[in-house]
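The chains referred to below are lettered A, B, ... by the order of the sequence lines, with proteins before strands, and numbering in each begins at 1. Here the structure is a predicted model, which means the values were calculated and not measured.
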Amino acid sequence: MANKHLHELTKGIFKENPTFIIMLGMCPTLGVTTQVVNALGMSAGVLFVLLCSNVMISLLKNVIPDSVRIPAYVVVIASFVTIVEMVMHAFVPSVYKALGVYLPLIVVNCIILGRAEAFANKNTVLDSALDAIGMSIGFTLALTLIALIREVFGAGTITLIPIGDWDGVVSIPGLRTWPVRIMTLAAGALLLMGYLKAFFGWYSEKKQKRG
Amino acid sequence: MKTYFKVAGILGLICAVAAVILAWVNSVTAPKIAEYDQSQTLMALEAVSGGFDIGEKRFDDTSDTVSYIIPLTQNGKSAGYILELNATGYGGAMKLVASYDLAGEIIAVKMLSNSETPGIGKKSEDPSYMDKFIGTGGDGEVPTSKSQLSSDQAQAVSGATVTFTGISKALDYGSDYVRKQGGR
């Protein structure tokens, strides 16, 4: 039993990674990965909303009629996103300012709706919560990897969260002066996503053959 | 027929509960948000005032670009204006405040609200982004195309041309607008 719970938590990290394997939430993934700090911000928002919506939908799974489940899920998800947005704007304006653009994007992130439909409406509250945490970790790792490659090559910097006097930007000599500008643009995002998907496809095939 | 009513009732109930929760959260957060936005605008006005005294705000309904104008004074004499400008960027509407001297030369500019792409158009929030416009608009033209910039400056706006064009057009309009005020 404990093994099953552990499986729900860890499957999202590699085996069923939402970005590279299930290919969910591509729009925000390609949109926000221009800087590492954006990837971390988006991931934090997704973790919170996914956890809340998975738990809520798992609780309501016997109440919501099958024929209107999608509109019901959309109402639940949009409500959580709006609450997060309003609370952040009022009480932590600096975080809101950094995340401002991504918060509304979470509503249309199909990872949230996808997990509600594929998992939370059939499983227990605990498993749904574990699934949400695992998927969010997988999403965070994938987004950070894409953002790191795009930012290092495209801008020659790594932008992290500023702490005290440090502005949070690591400069990479050489690339800072002569960056591969296309990597920060939309075309670079698609190009990199294609290569990474091919790499993970090749890797899991190799693993399967060996196994 | 009965099932339809039941299904519609449940969906309606979920929506109603969500609406009540959202209304409550909004009633708690709205005053705080308004307070924060006001303090942000005040800070932006202070930042662009260039050390002059800030006068009374006048709204302008006749212009789409200028929302309001604030005269700047020094020792009771007119010294320039602050304008709140509406511009259009890649992500839609952008709001900025800019201060001009009486000849229409830009003293300082600050980006307020915008929905530009982070890492690209969002860079216009950096104070250094606006350096290229400062001192223009009087004798020299406000640069509205990349060819009017130095190669360093042009590289900094490449990939975010729509943002740059939106900002520069609004600033250019503001410069003409200020000159037409004639020190009033």
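- Between chain B and the residues A:L60, A:I83, A:V76, the most heavy-atom pairs under 4.5 angstrom are made by A:I83.
- When every heavy atom of A:S53 is checked against every heavy atom of A:I77, the shortest pair comes out as CB-CG1, 3.9 Å.
- Closest approach of B:S99 to B:I82, counting heavy atoms only: CB-CG1, 4.0 Å.
- Note: A:M86 leads A:R181, A:E151, A:M86 in heavy-atom pairs under 4.5 Å with chain B.
- Within the 4.5 angstrom heavy-atom criterion, atoms from both the backbone and the side chain of B:N26 approach chain A.
- A 6.0 Å sphere centred on CZ of A:F200 holds more than 12 heavy atoms belonging to other residues, nucleotides or ligands.
- Scanning all heavy atoms of the two residues, the minimum distance from B:S63 to B:Y177 falls at CB-CE1, 4.4 Å.
- Looking only at atom types and distance, the side chain of B:D60 has a donor-acceptor partner in the side chain of B:T62 under 3.5 Å away.
- Neither the backbone nor the side chain of B:L13 comes within less than 4.5 Å of any heavy atom of chain A.
- Using a 4.5 Å cut-off between heavy atoms, B:I10 contacts chain A through its side chain alone, with no backbone atom that close.
- When heavy atoms are compared at a cutoff of 4.5 Å, A:F80 does not approach chain B at all.
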